[in-house]
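Only this structure's heavy atoms are used, side chains among them; waters, hydrogens and symmetry mates stay out. Residue numbers count from 1 along this sequence. This is a predicted model, so every value here is computed, not measured.
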Amino acid sequence: MSAPRGNRGRGRGRGRGRGGGGRGDQPAAASPPTEDRTAATNNTVQLLKDFLTRRYDAPNKLLNLSHIATDDEIRKSGMFDRESTQLKFFPALMIICADLLPTREEKEAAIHSVTLAGNNLPSIRVIRDLAATLPHIRNLDLTGNAFESVGVLKPWKGRFRQLEQLLVDPFAGEAWEEELVSWFPKLGVLNGRVVRGGADAMNAGVDGNAALPPVMQAPAQGMGQPVTDEQRQKEEMVAYVQQATNLKRDYAVQCLEAGGWDLNKAGELFTQSRETLPPDAFN
């Protein structure tokens, strides 16, 4: 028995599809050529490498990841303009960082400090991979973000075991400082205030058991004369003495000058004269 004409027509449609005659038989959209995808990937990798190169402050061993969205090249790429792209950008950035510094020793030698200031992040969801890639950092700046409570930082509890200095916008309520200090076993300076070790921190520093905290901020541009390496080093020493001893700046400078800008001698002088200093020498 012959099939109905209409059915025969539908049966032949498959054959016509191979010839490309039917409207419903359009070929599927072709995927981008492999070489195009490879080129796009290579461009992204180079963009991230260039960004890390621009943002690495070698003298201070500082990785400056502040105000990422305002970086000209990143802004043009759109890679940090919303959370969905940020969630891809930062992990990829950490992968490139790990590729450039493949061993733990290389990472520890190259990067002591990271600033993530001014990124207006509501949580650490975007930047969480920092703890996996650079768990050894000593100094971390998180100011200028939109964290509503100290609990936002809890995924990093106990992660930065070597962290000595932390900058963060103050949270509402009480006891948040104590909570942060309890999370990081070596945290000694929180928002510029000595929170663990007290005056003994000075002696720990001069004995070599604590590193000199670098200045955790982007260098000023176009303002006055360039800062020399010697001036930068002296400012770091002054800041360290202030943080470790709670001395006011003028007294910290006097202590260092009396010791010939030698931290060991300055530490000895402070220990010898601490009891005789007037109350207004301290903050």
Next on the checklist: Counting only heavy atoms from other residues, nucleotides and ligands, does the tally under 6.0 Å from NZ of K107 exceed 12?
Outcome noted: yes
Next on the checklist: Does any part of the side chain of P135, heavy atoms only, come nearer than 4.5 Å to the side chain of R161, both counted from C-beta?
Outcome noted: no
Checklist entry - Say you draw a straight line from CD of Q162 to CZ of R138; how long is it, rounded to the nearest 0.5 Å? => result 8.5 Å
Next on the checklist: Check this for me: does any side-chain nitrogen of one of E73 and K76 sit under 4.0 Å from a carboxylate oxygen of the other?
Outcome noted: yes
Checklist entry - Is there side-chain contact between M237 and Y240, with heavy atoms separated by less than 4.5 Å? => result no
Checklist entry - Is there a side chain to side chain contact (heavy atoms under 4.5 Å, CB included) between D169 and L142 once you walk through the steps? => result CA-CA 7 Å; D169 295 325; L142 296 174; over 6 Å; no
Item to check | Side-chain (W176) to main-chain (F171) donor-acceptor, under 3.5 angstrom | outcome: yes
Checklist entry - Could you go step by step and tell me if V114 and L62 meet the side chain to side chain contact (heavy atoms under 4.5 Å, CB included) rule? => result CA-CA 6 Å; V114 173; L62 168 68; 5.7 Å; no
Checklist entry - Can you name the closest pair of heavy atoms from P155 and I124 and give their distance? => result CB-CD1, 3.7 Å
Checklist outcome for this item: Exactly one candidate in D141, V189, L190 meets side-chain contact (heavy atoms from CB on, under 4.5 Å) with L167; the answer is D141
Item to check | Test applied, side-chain contact (heavy atoms from CB on, under 4.5 Å); reference residue, L63; option that passes from I111, T115, L116 | outcome: I111
Next on the checklist: I want to check something: taking the side chain as every heavy atom from C-beta on, are L180 and L153 in contact at a cut-off of under 4.5 Å?
Outcome noted: yes
Checklist entry - Which ring pair (Phe, Tyr, Trp, His ring centres under 6.0 Å) pairs, counting each pair once, include a residue from residues 117-156, with sequence neighbours left out? => result W156-F160
Item to check | Closest approach of Q242 to A252 (non-hydrogen atoms, all atoms of both residues) | outcome: CG-CB, 3.8 Å
Next on the checklist: Using a 6.0 Å cut-off, check whether atom CZ of R128 has over 12 heavy atoms from anything other than its own residue.
Outcome noted: no
Next on the checklist: Does this structure show an ion pair linking D81 with R75, if we count only N-O contacts that are shorter than 4.0 Å?
Outcome noted: no
Next on the checklist: For E83, is there an ion pair with R125 - N to carboxylate O distance below 4.0 angstrom?
Outcome noted: yes
Next on the checklist: Does any part of the side chain of L130, heavy atoms only, come nearer than 4.5 Å to the side chain of M94, both counted from C-beta?
Outcome noted: yes
Item to check | Smallest separation among heavy atoms of A117 and N145, with atom names | outcome: CA-ND2, 4.5 Å
Item to check | Derivation and outcome, side-chain hydrogen bond (donor to acceptor under 3.5 Å, both in side chains), residues Q46 and D50 | outcome: CA-CA 6 Å; Q46 191 60 51; D50 291 344; 2.9 Å; yes
Item to check | Check: S113 main-chain N/O paired with K61 side-chain donor or acceptor under 3.5 Å | outcome: no
Next on the checklist: Testing the basics here: between S123 and V152, what is the closest heavy-atom pair and its distance to 0.1 Å?
Outcome noted: CA-CG1, 3.4 Å
Checklist entry - So, do L256 and V253 sit near enough that their side-chain heavy atoms are less than 4.5 Å apart? => result no
Checklist outcome for this item: When every non-hydrogen atom of F270 is compared with those of C255, the smallest separation belongs to CB-SG, 4.1 Å
Checklist entry - So, the side chain of N119 versus the backbone of L121: is there a donor-acceptor pair under 3.5 Å, distance only? => result no
Checklist entry - Distance-only, no hydrogens or angles: does the N139 side chain make a donor-acceptor pair with backbone N or O of L163 under 3.5 Å? => result no
Checklist entry - So, the side chain of Y56 versus the backbone of A110: is there a donor-acceptor pair under 3.5 Å, distance only? => result yes
Item to check | E105 CD: over 12 foreign heavy atoms closer than 6.0 Å | outcome: yes
Item to check | For the student: nearest non-hydrogen atoms of K49 and I96, plus distance | outcome: CG-CG2, 3.5 Å
Checklist outcome for this item: Here the gap from L187 atom CG to Q165 atom CD, rounded to the nearest 0.5 Å, amounts to 9.0 Å
Checklist outcome for this item: So the ring pair (Phe, Tyr, Trp, His ring centres under 6.0 Å) pairs with at least one residue in residues 64-86 (sequence neighbours excluded) are F80-F89
Checklist entry - Is there side-chain contact between P59 and D57, with heavy atoms separated by less than 4.5 Å? => result yes
Next on the checklist: Does any part of the side chain of Y251, heavy atoms only, come nearer than 4.5 Å to the side chain of P278, both counted from C-beta?
Outcome noted: yes
Checklist entry - Between the main-chain N or O of F282 and the side-chain N or O of N246, is there a donor-acceptor pair closer than 3.5 Å? => result no
Checklist entry - When you look at L48 and I95, which way does the side chain to side chain contact (heavy atoms under 4.5 Å, CB included) test go after all the steps? => result CA-CA 10 Å; L48 297 176; I95 290 172; over 6 Å; no
Item to check | pair L247-L277: side-chain heavy atoms closer than 4.5 Å | outcome: yes
Checklist entry - Under the side-chain hydrogen bond (donor to acceptor under 3.5 Å, both in side chains) criterion, do E106 and T103 qualify, and how do the steps go? => result CA-CA 5 Å; E106 287 175 303; T103 68; 3.1 Å; yes
Checklist entry - Do other residues, nucleotides or ligands put more than 12 heavy atoms under 6.0 Å from K154 NZ? => result no
